[in-house]
Number of protein chains: 2
Amino acid sequence: MADTPGAPEPSLDEQIAAYQREFQDLDPQVEKVVSALSRLNRRMNVAYGRQTAELGMSNAEWEVLKALVLAGDPYRMGPGDLAKRLGLTPAAMTHRIDRMVAEGLVTRERDESNRVRVIVGITEEGRAKWLEAMRMATVFEEELLQDLSGEERHRLGEMLTRLLRRVEEAQPDAGGRLSDLD
Amino acid sequence: MADTPGAPEPSLDEQIAAYQREFQDLDPQVEKVVSALSRLNRRMNVAYGRQTAELGMSNAEWEVLKALVLAGDPYRMGPGDLAKRLGLTPAAMTHRIDRMVAEGLVTRERDESNRVRVIVGITEEGRAKWLEAMRMATVFEEELLQDLSGEERHRLGEMLTRLLRRVEEAQPDAGGRLSDLD
DNA sequence: CCTGAAGACTTCACCTCTAAACTTCGAAGC
DNA sequence: GCTTCGAAGTTTAGAGGTGAAGTCTTCAGG
(Lines give C-alpha, C1' and ligand atoms only; values in the text may rest on other atoms or scores of the structure.)
Protein backbone atom coordinates (compact mmCIF):
# COMPACT_ATOMS: atom_id res chain seq x y z
CA MET A 1 0.00 0.00 0.00
CA ALA A 2 2.97 2.27 0.53
CA ASP A 3 4.10 0.90 -2.80
CA THR A 4 2.01 3.18 -4.99
CA PRO A 5 1.18 6.09 -2.74
CA GLY A 6 -0.46 8.00 -5.51
CA ALA A 7 1.67 10.32 -7.59
CA PRO A 8 4.34 12.09 -5.55
CA GLU A 9 4.69 14.80 -8.20
CA PRO A 10 8.31 14.63 -9.27
CA SER A 11 10.63 17.48 -8.44
CA LEU A 12 11.92 19.59 -11.29
CA ASP A 13 15.29 17.84 -11.23
CA GLU A 14 13.71 14.40 -11.16
CA GLN A 15 11.59 15.33 -14.10
CA ILE A 16 14.57 16.54 -16.09
CA ALA A 17 16.49 13.38 -15.27
CA ALA A 18 13.55 11.37 -16.59
CA TYR A 19 13.49 13.37 -19.80
CA GLN A 20 17.19 12.75 -20.32
CA ARG A 21 16.65 9.05 -19.79
CA GLU A 22 13.95 8.93 -22.46
CA PHE A 23 15.26 11.49 -24.92
CA GLN A 24 19.02 11.70 -25.11
CA ASP A 25 19.54 14.81 -27.20
CA LEU A 26 17.93 17.07 -24.64
CA ASP A 27 19.85 20.02 -23.27
CA PRO A 28 19.15 19.83 -19.53
CA GLN A 29 19.91 23.50 -19.03
CA VAL A 30 17.34 24.55 -21.61
CA GLU A 31 14.81 22.11 -20.29
CA LYS A 32 15.26 23.36 -16.77
CA VAL A 33 14.45 26.91 -17.78
CA VAL A 34 11.45 25.90 -19.86
CA SER A 35 9.99 23.52 -17.30
CA ALA A 36 10.48 26.00 -14.49
CA LEU A 37 8.67 28.65 -16.53
CA SER A 38 5.68 26.38 -17.09
CA ARG A 39 5.45 25.21 -13.53
CA LEU A 40 5.83 28.70 -12.17
CA ASN A 41 3.07 29.96 -14.35
CA ARG A 42 0.71 27.26 -13.29
CA ARG A 43 1.35 28.00 -9.62
CA MET A 44 0.93 31.70 -10.17
CA ASN A 45 -2.41 31.15 -11.84
CA VAL A 46 -3.52 29.01 -8.94
CA ALA A 47 -2.54 31.77 -6.52
CA TYR A 48 -4.33 34.44 -8.53
CA GLY A 49 -7.35 32.20 -8.84
CA ARG A 50 -7.64 31.85 -5.09
CA GLN A 51 -7.40 35.58 -4.64
CA THR A 52 -9.97 36.49 -7.26
CA ALA A 53 -12.26 33.77 -5.87
CA GLU A 54 -12.13 35.54 -2.51
CA LEU A 55 -13.57 38.57 -4.26
CA GLY A 56 -16.31 36.49 -5.85
CA MET A 57 -14.92 36.58 -9.34
CA SER A 58 -12.72 34.50 -11.64
CA ASN A 59 -9.34 35.14 -13.20
CA ALA A 60 -11.17 35.51 -16.49
CA GLU A 61 -13.20 38.40 -15.15
CA TRP A 62 -10.17 39.99 -13.58
CA GLU A 63 -8.47 39.94 -16.97
CA VAL A 64 -11.27 42.00 -18.43
CA LEU A 65 -11.09 44.53 -15.61
CA LYS A 66 -7.32 44.81 -16.04
CA ALA A 67 -7.66 45.46 -19.75
CA LEU A 68 -10.23 48.19 -19.15
CA VAL A 69 -8.14 49.93 -16.52
CA LEU A 70 -4.97 49.68 -18.60
CA ALA A 71 -6.81 51.23 -21.53
CA GLY A 72 -6.66 54.53 -19.67
CA ASP A 73 -8.92 57.46 -19.18
CA PRO A 74 -12.38 56.87 -20.38
CA TYR A 75 -11.84 53.23 -19.33
CA ARG A 76 -13.87 51.88 -22.21
CA MET A 77 -13.21 49.39 -24.98
CA GLY A 78 -15.17 47.55 -27.62
CA PRO A 79 -15.75 43.82 -27.24
CA GLY A 80 -13.68 43.15 -30.33
CA ASP A 81 -10.63 44.95 -28.98
CA LEU A 82 -11.06 43.28 -25.63
CA ALA A 83 -11.22 39.92 -27.33
CA LYS A 84 -7.99 40.59 -29.24
CA ARG A 85 -6.29 41.85 -26.14
CA LEU A 86 -7.23 38.76 -24.14
CA GLY A 87 -6.81 36.24 -26.93
CA LEU A 88 -10.45 35.15 -27.03
CA THR A 89 -12.94 34.76 -29.82
CA PRO A 90 -15.55 37.51 -30.12
CA ALA A 91 -18.18 34.94 -29.20
CA ALA A 92 -16.51 34.17 -25.90
CA MET A 93 -16.20 37.87 -25.22
CA THR A 94 -19.92 38.37 -25.74
CA HIS A 95 -20.73 35.72 -23.15
CA ARG A 96 -18.13 36.94 -20.69
CA ILE A 97 -19.47 40.47 -20.91
CA ASP A 98 -23.01 39.14 -20.42
CA ARG A 99 -21.97 37.61 -17.13
CA MET A 100 -19.99 40.61 -15.98
CA VAL A 101 -22.85 42.97 -16.75
CA ALA A 102 -25.15 40.72 -14.73
CA GLU A 103 -22.69 40.86 -11.84
CA GLY A 104 -22.40 44.63 -12.05
CA LEU A 105 -18.70 44.72 -12.93
CA VAL A 106 -19.01 46.38 -16.34
CA THR A 107 -21.56 48.21 -18.47
CA ARG A 108 -22.48 47.63 -22.09
CA GLU A 109 -23.87 50.40 -24.31
CA ARG A 110 -24.19 51.00 -28.02
CA ASP A 111 -21.93 53.67 -29.47
CA GLU A 112 -24.36 56.37 -30.63
CA SER A 113 -21.93 57.71 -33.22
CA ASN A 114 -21.60 54.33 -34.86
CA ARG A 115 -24.46 52.13 -33.89
CA VAL A 116 -22.80 48.93 -34.96
CA ARG A 117 -20.25 49.35 -32.22
CA VAL A 118 -20.64 48.45 -28.57
CA ILE A 119 -18.76 50.05 -25.71
CA VAL A 120 -17.86 48.23 -22.54
CA GLY A 121 -17.09 50.35 -19.50
CA ILE A 122 -16.05 49.55 -15.96
CA THR A 123 -18.42 50.23 -13.03
CA GLU A 124 -17.53 51.57 -9.61
CA GLU A 125 -17.80 48.08 -8.25
CA GLY A 126 -15.62 46.68 -11.02
CA ARG A 127 -13.01 49.31 -10.35
CA ALA A 128 -13.08 48.56 -6.63
CA LYS A 129 -12.66 44.84 -7.20
CA TRP A 130 -9.85 45.47 -9.64
CA LEU A 131 -8.08 47.54 -7.00
CA GLU A 132 -8.53 44.95 -4.30
CA ALA A 133 -7.29 42.20 -6.62
CA MET A 134 -4.24 44.30 -7.50
CA ARG A 135 -3.46 44.78 -3.82
CA MET A 136 -3.60 41.07 -3.17
CA ALA A 137 -1.64 40.29 -6.31
CA THR A 138 1.20 42.63 -5.47
CA VAL A 139 1.52 41.14 -2.01
CA PHE A 140 1.78 37.69 -3.54
CA GLU A 141 4.23 38.83 -6.19
CA GLU A 142 6.48 40.46 -3.62
CA GLU A 143 6.51 37.21 -1.65
CA LEU A 144 7.28 35.28 -4.78
CA LEU A 145 10.38 37.37 -5.47
CA GLN A 146 11.49 37.79 -1.88
CA ASP A 147 14.55 35.57 -2.27
CA LEU A 148 15.97 37.70 -5.07
CA SER A 149 18.07 40.79 -4.48
CA GLY A 150 17.31 43.98 -6.35
CA GLU A 151 20.20 43.26 -8.67
CA GLU A 152 18.92 39.75 -9.34
CA ARG A 153 15.41 40.99 -10.01
CA HIS A 154 16.79 43.39 -12.54
CA ARG A 155 18.81 40.74 -14.32
CA LEU A 156 15.88 38.32 -14.28
CA GLY A 157 13.53 40.88 -15.77
CA GLU A 158 16.06 41.78 -18.40
CA MET A 159 16.63 38.17 -19.45
CA LEU A 160 12.91 37.38 -19.58
CA THR A 161 12.37 40.49 -21.68
CA ARG A 162 14.96 39.24 -24.12
CA LEU A 163 13.18 35.90 -24.41
CA LEU A 164 9.89 37.64 -24.85
CA ARG A 165 11.23 39.82 -27.64
CA ARG A 166 12.42 36.68 -29.40
CA VAL A 167 9.01 34.95 -29.34
CA GLU A 168 7.07 38.08 -30.14
CA GLU A 169 9.17 38.52 -33.27
CA ALA A 170 8.50 34.93 -34.22
CA GLN A 171 4.72 35.37 -33.59
CA PRO A 172 4.01 38.85 -34.92
CA ASP A 173 0.27 38.27 -34.71
CA ALA A 174 -1.37 38.89 -31.37
CA GLY A 175 -0.77 35.31 -30.49
CA GLY A 176 -3.72 33.02 -30.63
CA ARG A 177 -6.19 31.25 -28.53
CA LEU A 178 -4.66 29.83 -25.41
CA SER A 179 -5.71 30.60 -21.90
CA ASP A 180 -3.62 32.76 -19.62
CA LEU A 181 -3.28 35.99 -17.79
CA ASP A 182 -1.30 39.13 -18.38
CA MET B 1 -9.46 55.83 -39.29
CA ALA B 2 -5.87 55.64 -38.12
CA ASP B 3 -7.32 56.96 -34.89
CA THR B 4 -8.51 53.63 -33.52
CA PRO B 5 -6.57 51.04 -35.48
CA GLY B 6 -7.81 48.20 -33.33
CA ALA B 7 -5.70 47.29 -30.33
CA PRO B 8 -1.97 47.63 -30.98
CA GLU B 9 -1.16 45.31 -28.08
CA PRO B 10 0.93 47.43 -25.72
CA SER B 11 4.56 46.57 -25.25
CA LEU B 12 5.63 45.26 -21.88
CA ASP B 13 7.08 48.62 -20.88
CA GLU B 14 3.98 50.49 -22.00
CA GLN B 15 1.87 48.13 -19.97
CA ILE B 16 3.96 48.63 -16.87
CA ALA B 17 3.83 52.39 -17.31
CA ALA B 18 0.04 52.13 -17.47
CA TYR B 19 -0.05 50.09 -14.29
CA GLN B 20 2.05 52.68 -12.50
CA ARG B 21 -0.26 55.41 -13.67
CA GLU B 22 -3.31 53.61 -12.26
CA PHE B 23 -1.82 52.00 -9.19
CA GLN B 24 0.95 53.96 -7.54
CA ASP B 25 2.33 51.52 -5.05
CA LEU B 26 3.44 49.08 -7.70
CA ASP B 27 7.06 47.98 -7.84
CA PRO B 28 7.87 48.21 -11.55
CA GLN B 29 10.72 45.75 -11.26
CA VAL B 30 8.50 43.09 -9.72
CA GLU B 31 5.76 43.76 -12.21
CA LYS B 32 8.16 43.46 -15.11
CA VAL B 33 9.24 40.00 -14.03
CA VAL B 34 5.69 38.82 -13.41
CA SER B 35 4.23 40.21 -16.61
CA ALA B 36 7.09 38.85 -18.66
CA LEU B 37 6.53 35.41 -17.14
CA SER B 38 2.85 35.45 -18.05
CA ARG B 39 3.35 36.71 -21.55
CA LEU B 40 6.16 34.31 -22.21
CA ASN B 41 4.06 31.41 -21.10
CA ARG B 42 1.21 32.37 -23.31
CA ARG B 43 3.49 32.59 -26.33
CA MET B 44 5.11 29.31 -25.51
CA ASN B 45 1.74 27.60 -25.32
CA VAL B 46 0.80 29.06 -28.68
CA ALA B 47 4.02 27.71 -30.16
CA TYR B 48 3.53 24.27 -28.66
CA GLY B 49 -0.08 24.29 -29.81
CA ARG B 50 0.95 24.90 -33.39
CA GLN B 51 3.44 22.08 -33.25
CA THR B 52 1.11 19.54 -31.72
CA ALA B 53 -1.59 20.58 -34.19
CA GLU B 54 0.81 19.66 -37.00
CA LEU B 55 0.85 16.17 -35.56
CA GLY B 56 -2.94 16.08 -35.41
CA MET B 57 -3.20 16.37 -31.65
CA SER B 58 -3.69 19.00 -28.96
CA ASN B 59 -1.45 20.23 -26.18
CA ALA B 60 -3.81 18.44 -23.80
CA GLU B 61 -3.10 15.12 -25.45
CA TRP B 62 0.62 15.79 -25.55
CA GLU B 63 0.53 16.36 -21.80
CA VAL B 64 -0.84 12.89 -21.25
CA LEU B 65 1.81 11.33 -23.48
CA LYS B 66 4.54 13.21 -21.61
CA ALA B 67 3.28 12.00 -18.26
CA LEU B 68 3.22 8.40 -19.45
CA VAL B 69 6.73 8.54 -20.86
CA LEU B 70 8.08 10.29 -17.78
CA ALA B 71 6.56 7.58 -15.61
CA GLY B 72 9.29 5.27 -16.86
CA ASP B 73 9.51 1.67 -17.80
CA PRO B 74 6.21 -0.02 -18.11
CA TYR B 75 4.90 3.38 -19.28
CA ARG B 76 1.57 2.91 -17.59
CA MET B 77 -0.42 4.93 -15.10
CA GLY B 78 -3.91 4.93 -13.64
CA PRO B 79 -6.35 7.67 -14.65
CA GLY B 80 -6.39 9.00 -11.10
CA ASP B 81 -2.64 9.47 -10.97
CA LEU B 82 -2.65 11.01 -14.43
CA ALA B 83 -5.35 13.42 -13.32
CA LYS B 84 -3.35 14.49 -10.27
CA ARG B 85 -0.21 14.87 -12.33
CA LEU B 86 -1.93 17.10 -14.89
CA GLY B 87 -4.10 19.00 -12.44
CA LEU B 88 -7.40 17.77 -13.87
CA THR B 89 -10.47 16.27 -12.25
CA PRO B 90 -10.88 12.50 -12.66
CA ALA B 91 -13.93 13.18 -14.80
CA ALA B 92 -11.95 15.20 -17.29
CA MET B 93 -9.34 12.46 -17.39
CA THR B 94 -11.95 9.88 -18.25
CA HIS B 95 -13.08 11.89 -21.26
CA ARG B 96 -9.59 12.73 -22.40
CA ILE B 97 -8.60 9.09 -22.28
CA ASP B 98 -11.74 8.19 -24.24
CA ARG B 99 -10.65 10.46 -27.04
CA MET B 100 -7.05 9.34 -26.99
CA VAL B 101 -8.04 5.68 -27.09
CA ALA B 102 -10.26 6.44 -30.08
CA GLU B 103 -7.30 8.11 -31.79
CA GLY B 104 -5.00 5.22 -31.03
CA LEU B 105 -2.59 7.15 -28.80
CA VAL B 106 -3.13 5.19 -25.60
CA THR B 107 -4.71 1.96 -24.40
CA ARG B 108 -7.08 1.42 -21.50
CA GLU B 109 -7.31 -1.92 -19.68
CA ARG B 110 -8.66 -3.08 -16.35
CA ASP B 111 -6.08 -4.15 -13.80
CA GLU B 112 -6.76 -7.89 -13.37
CA SER B 113 -5.25 -7.95 -9.88
CA ASN B 114 -7.57 -5.21 -8.70
CA ARG B 115 -10.53 -4.86 -10.96
CA VAL B 116 -11.51 -1.43 -9.74
CA ARG B 117 -8.33 -0.02 -11.18
CA VAL B 118 -7.73 0.94 -14.75
CA ILE B 119 -4.35 1.10 -16.46
CA VAL B 120 -3.56 3.53 -19.24
CA GLY B 121 -0.64 2.64 -21.49
CA ILE B 122 0.99 4.36 -24.45
CA THR B 123 0.77 2.85 -27.93
CA GLU B 124 3.48 2.73 -30.57
CA GLU B 125 1.77 5.57 -32.35
CA GLY B 126 1.51 7.58 -29.15
CA ARG B 127 5.17 7.06 -28.45
CA ALA B 128 6.09 8.10 -31.99
CA LYS B 129 4.02 11.27 -31.75
CA TRP B 130 5.50 12.05 -28.35
CA LEU B 131 8.97 11.75 -29.86
CA GLU B 132 8.16 13.93 -32.83
CA ALA B 133 6.60 16.56 -30.57
CA MET B 134 9.68 16.51 -28.35
CA ARG B 135 11.92 17.04 -31.38
CA MET B 136 9.91 20.06 -32.48
CA ALA B 137 9.70 21.40 -28.95
CA THR B 138 13.43 21.26 -28.35
CA VAL B 139 14.11 23.10 -31.60
CA PHE B 140 11.71 25.83 -30.53
CA GLU B 141 13.14 25.98 -27.02
CA GLU B 142 16.69 26.30 -28.30
CA GLU B 143 15.57 29.18 -30.52
CA LEU B 144 13.83 30.79 -27.59
CA LEU B 145 17.01 30.80 -25.51
CA GLN B 146 19.41 31.56 -28.34
CA ASP B 147 20.19 35.07 -27.10
CA LEU B 148 21.38 33.81 -23.71
CA SER B 149 24.92 32.63 -23.06
CA GLY B 150 25.52 29.36 -21.24
CA GLU B 151 26.29 31.32 -18.11
CA GLU B 152 23.09 33.31 -18.42
CA ARG B 153 21.02 30.19 -18.98
CA HIS B 154 22.43 28.75 -15.84
CA ARG B 155 21.67 31.83 -13.78
CA LEU B 156 18.18 32.09 -15.24
CA GLY B 157 17.41 28.46 -14.45
CA GLU B 158 18.74 28.88 -10.96
CA MET B 159 16.68 31.98 -10.24
CA LEU B 160 13.49 30.45 -11.63
CA THR B 161 14.09 27.37 -9.52
CA ARG B 162 14.32 29.56 -6.45
CA LEU B 163 10.99 31.20 -7.28
CA LEU B 164 9.43 27.82 -7.91
CA ARG B 165 10.61 26.49 -4.56
CA ARG B 166 8.98 29.48 -2.91
CA VAL B 167 5.54 28.91 -4.47
CA GLU B 168 5.66 25.16 -4.07
CA GLU B 169 6.22 25.63 -0.36
CA ALA B 170 3.31 28.02 -0.20
CA GLN B 171 1.09 25.57 -2.15
CA PRO B 172 2.06 22.16 -0.78
CA ASP B 173 -0.86 20.48 -2.47
CA ALA B 174 -0.40 19.45 -6.06
CA GLY B 175 -1.64 22.81 -7.14
CA GLY B 176 -5.17 22.95 -8.41
CA ARG B 177 -7.20 23.25 -11.45
CA LEU B 178 -5.74 25.62 -13.97
CA SER B 179 -4.74 24.84 -17.51
CA ASP B 180 -1.11 24.62 -18.53
CA LEU B 181 1.71 22.46 -19.70
CA ASP B 182 4.75 21.05 -18.03
C1' DC C 1 -31.47 56.91 -53.40
C1' DC C 2 -30.39 52.14 -53.65
C1' DT C 3 -27.47 48.37 -53.55
C1' DG C 4 -23.63 45.43 -52.52
C1' DA C 5 -19.69 44.65 -49.65
C1' DA C 6 -17.38 44.96 -45.32
C1' DG C 7 -17.25 45.26 -40.39
C1' DA C 8 -18.87 44.39 -35.44
C1' DC C 9 -21.28 41.88 -32.62
C1' DT C 10 -24.44 37.93 -31.56
C1' DT C 11 -26.44 33.30 -32.02
C1' DC C 12 -26.04 28.41 -32.63
C1' DA C 13 -24.10 23.84 -32.36
C1' DC C 14 -20.70 21.39 -30.39
C1' DC C 15 -16.64 20.37 -27.31
C1' DT C 16 -14.02 20.13 -22.88
C1' DC C 17 -13.74 20.90 -18.17
C1' DT C 18 -15.74 21.00 -13.13
C1' DA C 19 -18.58 19.40 -9.22
C1' DA C 20 -21.34 16.14 -7.52
C1' DA C 21 -23.93 11.86 -7.66
C1' DC C 22 -23.40 7.05 -8.79
C1' DT C 23 -21.35 2.22 -9.52
C1' DT C 24 -18.31 -1.20 -8.55
C1' DC C 25 -14.72 -3.75 -6.32
C1' DG C 26 -11.76 -4.76 -2.28
C1' DA C 27 -10.94 -4.82 2.66
C1' DA C 28 -12.21 -4.99 7.56
C1' DG C 29 -15.29 -6.32 11.45
C1' DC C 30 -18.55 -9.31 13.49
C1' DG D 1 -19.90 -15.40 4.87
C1' DC D 2 -22.35 -11.08 5.16
C1' DT D 3 -22.27 -6.19 5.82
C1' DT D 4 -20.32 -1.82 5.72
C1' DC D 5 -16.91 1.42 4.44
C1' DG D 6 -13.64 3.45 1.41
C1' DA D 7 -11.25 3.97 -2.94
C1' DA D 8 -11.26 4.34 -8.17
C1' DG D 9 -13.64 5.40 -12.28
C1' DT D 10 -17.60 6.82 -14.73
C1' DT D 11 -21.82 9.45 -15.60
C1' DT D 12 -24.53 13.66 -15.60
C1' DA D 13 -25.68 18.58 -15.43
C1' DG D 14 -24.05 22.90 -16.15
C1' DA D 15 -20.32 26.63 -17.04
C1' DG D 16 -17.46 28.56 -20.44
C1' DG D 17 -14.88 28.03 -24.65
C1' DT D 18 -14.50 27.67 -30.28
C1' DG D 19 -15.90 28.19 -35.25
C1' DA D 20 -19.29 29.06 -38.40
C1' DA D 21 -23.42 31.22 -39.69
C1' DG D 22 -26.51 35.14 -39.02
C1' DT D 23 -27.99 40.14 -38.19
C1' DC D 24 -27.55 44.81 -38.30
C1' DT D 25 -25.12 49.16 -39.54
C1' DT D 26 -22.10 51.84 -42.34
C1' DC D 27 -20.06 53.24 -46.51
C1' DA D 28 -18.65 53.40 -51.48
C1' DG D 29 -20.48 53.28 -56.18
C1' DG D 30 -23.86 53.53 -59.82
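Just so we're on the same page: letters track the sequence lines, and every chain starts at 1.
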Using 4.0 Å as the upper bound for N to carboxylate O, is an ion pair formed by A:Arg162 and A:Glu158? yes
Please give, in whole Å, the distance from C:dC9 C1' to A:Asp81 CG? 12 Å
Salt-bridged, A:Arg135 to A:Glu132, with N to O below 4.0 Å? yes
Any residue of residues 93-113 of chain B with a heavy atom less than 4.0 Å from an atom of DNA chain D: B:Thr94, B:His95, B:Arg108
Could you state the CG-C1' distance from A:Asn59 to D:dG17, rounded to the nearest angstrom? 16 Å
Is any NZ, NE, NH1 or NH2 atom of the basic residue among B:Glu61 and B:Lys129 found under 4.0 Å from an Asp or Glu carboxylate oxygen of the other? no
Return whichever of A:Ala92 or B:Ala91 has its heavy-atom-nearest nucleotide of DNA chain D closer to the 5' end. B:Ala91
Produce the list of close N/O pairs, under 3.5 Å, pairing protein atoms with atoms of nucleotides 2-8 of chain D; give distances to one decimal.
residue, atom, partner, partner atom, Å
D:dA8, OP1, B:Arg117, NH2, 3.3

Interatomic distance, B:Met57 CE vs C:dT16 C1' [rounded to whole Å]: 18 Å
Please identify each residue that fulfils side-chain hydrogen bond (donor to acceptor under 3.5 Å, both in side chains) with B:Asp111, with sequence neighbours left out. B:Ser113
What residues form a side-chain contact (heavy atoms from CB on, under 4.5 Å) with A:His95, not counting sequence neighbours? A:Asp98, A:Arg99
Results of salt bridge (charged side-chain N to carboxylate O under 4.0 Å, His left out) for A:Glu142 - residues two or more places apart only: A:Arg153
The criterion is ring pair (Phe, Tyr, Trp, His ring centres under 6.0 Å); which residues satisfy it with B:Tyr75, sequence neighbours excluded? none
Atom CG of B:Leu88 and atom C1' of C:dA19: how far apart are they, to the nearest Å? 14 Å
A:Arg115 has an atom CZ; how far is it from atom C1' of D:dC27, in whole Å? 16 Å
Is a salt bridge present between A:Arg155 and A:Glu151, judged by a nitrogen-to-oxygen distance below 4.0 Å? yes
